[in-house]
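These notes are about the structure you will find just below.
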Amino acid sequence: MVLRDLELRHFRNLGVQTLRFPPEGVAVIGDNAQGKTNLLEAIYYLECFRSFRGARDAELTAFSEDVFHVKGVLEGERPVTVAAGFDGSGKAKKVSVDGKEAPRFSAAFGRLGAMIFAPADVDLVSGGPARRRQFLDVVLSLNRSGYVKALQSYRKALAQRNAALRTGANPQAARAWDGTLVEHGARVTCLRAEWAAAWAEPFASYCSAISGGDRAALAYRADVGTAGDGAEAGAESGGSGAGVVGVVGGGDAVGAAAATGEAGEAQVAEAYRRRLAESWPSDVRRQRTTAGPHRDDLILTVEAPGRRVPVRAFGSGGQRRTAALALRLVEAATIRQQRGTEPILLLDDAFAELDDGRSQRVVALVEEESAGQVVLTAPSESDVRLRRPSLARWRIRGGVIEA
Ligand SMILES: Nc1ncnc2c1ncn2[C@@H]1O[C@H](COP(=O)(O)OP(=O)(O)O)[C@@H](O)[C@H]1O
Ligand SMILES: [Mg+2]
């Protein structure tokens, strides 16, 4: 997909503007606090109808306005227009595709096929497991049919089960949700694990390419299937608990095969059922569900002399930024593979905190891998770095873009 036109009305400080993007992309250059990130935020808003920075819609509305609109015209196999509007007075958000209002936002997700990378993404690596689950949830919601539905059903069952546990009077009532929880939870677990297993290898090569040789790895650690917790469960089902969904272990076990297909999912469901039974006493005590994919993590490791260590705790600043960028590149590759379209890369000051060697290797990677549109921001011309000499340059000042 290629973003051709972008219409902005009162999104952050961007005022009322219509921009026509070159098919190859553009480098947007401007000082701090002029609106560079806001522009990428507006574009990515059309991908999943919320701020990639986690801002609330009210915060995206220009100061002194109640309503914002963003509309994008995309060119691809078939042209498509995606629009979103938010009215703060009624707290109402509307999303439309080709002028037809989407019944659910998820029905309109992922029309751009865009990936966004920003320096703050280092918290994908440095942050807690919730941040990485969120990453997986976004990537899979946009790229894997059935994921959104499974995740929503899982969350709903989880919330209801927890509510029943909290009332305390009759905790047994909570168990009524176990069936739904297990069904959708197993689905969520398997789709995430499958994704991690499929992309472990590319992740490792991206890390190695950017860092110039670091050996990094990615693996999904599923609460229902990890070695310790599920040991007996695994033995019963004729394998190790860890093998059920692929789990981080010593060295080479990283990125082990994921359970796929119905058989794999049935195994995971069985393991989850057992985990729920085991953890029932602690669920009652803590008044919440303590087992399930809401406790999973994506484990990122790097090889240090003699051992493999989590990047989160032991990686250098450069290694963390590298792993974060590699995750985003994997996300872009997922779009390319799953949707069969060349992803639009939104790179927000992408080279800001990478050393020269890493920056150059990233540039080489992007040039080599991605033939699609690139919208990048940089504080000055010398930070643009991407070789494409013909890449247009726009200036931005006080939210106003001069093409
Ligand atoms: N809701 C809003 N309405 C108007 N201006 C806003 C809003 N939110 C942020 N801004 C302004 O946007 C600017 C920051 O934009 P940003 O895109 O983050 O800058 P940068 O160019 O450094 O990436 C600040 O000047 C801030 O005041
Ligand atoms: Mg910025």
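Counting convention: from 1, in listed order, for ligands and their atoms alike. We count residues from 1, following the sequence as given.
Distance check, rounded to the nearest 0.5 Å: CD of E194 to CZ of R144 gives 4.5 Å.
The number of protein N/O/S atoms found under 2.8 Å from the Mg ion (ligand 2) is 1.
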With side chain to side chain donor-acceptor pair (under 3.5 Å) as the test, would you mind laying out the steps for D283 and T290 before giving the verdict?
CA-CA 6 Å; D283 286 6; T290 57; 2.6 Å; yes
List the steps and the verdict of side chain to side chain donor-acceptor pair (under 3.5 Å) for S380 and D383.
CA-CA 5 Å; S380 69; D383 298 303; 2.8 Å; yes
Could you go through R274 and E270, starting from their C-alpha distance and side-chain angles, then the distance that decides it, and tell me whether this counts as salt bridge (Lys or Arg N to Asp or Glu O under 4.0 Å)?
CA-CA 6 Å; R274 272 189 297 257; E270 198 40 50; 3.8 Å; yes
Output, in order, the C-alpha distance, side-chain angles, deciding distance and verdict of salt bridge (Lys or Arg N to Asp or Glu O under 4.0 Å) for R132 and D297.
CA-CA 7 Å; R132 284 177 292 284; D297 200 355; 2.8 Å; yes
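Of the charged side-chain nitrogens involved, none lies within less than 4.0 Å of a carboxylate oxygen, so that K36 and D349 do not count as a salt-bridged pair.
Between the side chains of Q134 and R131, at least one donor N or O lies within less than 3.5 Å of an accepting N or O. Counted by atom type alone, D223 and Y272 present zero donor-acceptor pairs between their side chains at under 3.5 Å. Judged by distance alone, the side chains of D348 and T37 do bring a donor and an acceptor atom under 3.5 Å apart.
Around ligand 1, the residues contributing at least one heavy atom under 4.0 Å from the ligand are R12, N13, D31, N32, A33, Q34, G35, K36, T37, N38, R53, E59, T61, A62, F63.
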